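The residues of the chain are indexed from 1 along the displayed sequence. This structure is a prediction, so every number in the text was calculated from the model and none was measured.
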Amino acid sequence: MRGLQLTADLHGCADARAALTDPGALREACLAAVDAAGLTAVGELFHRYAPGPGTAAGAPVGITGVVLLAESHLAVHTWPELGAATLDVYVCNLGRDNSARAHDLLERLIAIFAPAQVERQARGRGNPPVHDGVSR
């Protein structure tokens, strides 16, 4: 069950990017990026949040989008009022190594938001610890 989890925190995203506030635009962009990266979407859900108390009429609200992949998942959360988004790409590497595809997907998603600043993280997942030569 070896896998790779890539995350990115995006700051200073371009205000005019529809992907920050329009679930349809975010959905289309995510599915196109998944396909272009050579991964397989098997399900999806994109949700726009209701304006919170004290939110000005017409103020942008955020979106959470999830794409289930045959290889695992992609999650995107947007905060248009902050010009921010977070990305989470997780792929399993059981049948084939999907690491390069995961990196490609993350870069394509970052480009959608055109952020001024990106904080990236990568973490291997599911590799069992070895103690005295025995996996547990």
Does any non-hydrogen side-chain atom of [Y] lie less than 4.5 Å from one of [X]?
{"X": "T40", "Y": "L69", "answer": "no"}
{"X": "H103", "Y": "L4", "answer": "yes"}
{"X": "D88", "Y": "Q5", "answer": "yes"}
{"X": "V118", "Y": "D9", "answer": "no"}
{"X": "V61", "Y": "T21", "answer": "no"}
{"X": "T86", "Y": "V76", "answer": "no"}
{"X": "R120", "Y": "E107", "answer": "yes"}
{"X": "L39", "Y": "L105", "answer": "yes"}

Does T78 reach the main-chain N or O of L20 with its side chain, forming a donor-acceptor pair under 3.5 Å?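 At least one qualifying donor-acceptor pair exists.
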
Looking at N93 and N98, would you say the former's side chain and the latter's main chain have a donor-acceptor pair under 3.5 Å? yes

Please find the pair of heavy atoms, one from [X] and one from [Y], that lie closest to each other, and give the distance.
{"X": "V91", "Y": "S72", "result": "CA-CB, 3.9 Å"}
{"X": "P23", "Y": "I63", "result": "N-CD1, 3.5 Å"}
{"X": "D104", "Y": "A36", "result": "OD2-O, 3.8 Å"}
{"X": "W79", "Y": "A85", "result": "CE3-CA, 4.3 Å"}
{"X": "A33", "Y": "L109", "result": "CB-CD2, 4.1 Å"}
{"X": "A41", "Y": "V34", "result": "N-CG1, 3.9 Å"}

H73: ring-ring contact (aromatic ring centres under 6.0 Å, His included) partners, not counting sequence neighbours: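 For H73 the ring-ring contact (aromatic ring centres under 6.0 Å, His included) partners, ignoring immediate neighbours, are Y90.
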
Separation between CG (L26) and NE2 (H77), nearest 0.5 Å, reads 10.5 Å

Out of curiosity, C30 SG to I112 CD1, how far, rounded to the nearest 0.5 Å? 5.5 Å

Between F46 and D22, does the side-chain contact (heavy atoms from CB on, under 4.5 Å) criterion hold? Intermediate values first, please. CA-CA 10 Å; F46 289 82; D22 179 353; over 6 Å; no

If you group Ile, Leu, Val, Met, Phe, Trp and Tyr by side-chain heavy-atom gaps below 4.5 Å, do V66 and L106 land in one group? no

Does the plane of the ring in Y49 sit parallel, tilted or perpendicular to the ring in H47? Use 30° and 60° as the thresholds. perpendicular

Give the intermediate values and the outcome of side-chain contact (heavy atoms from CB on, under 4.5 Å) for residues R27 and V67. CA-CA 9 Å; R27 176 186 176 273; V67 178; over 6 Å; no

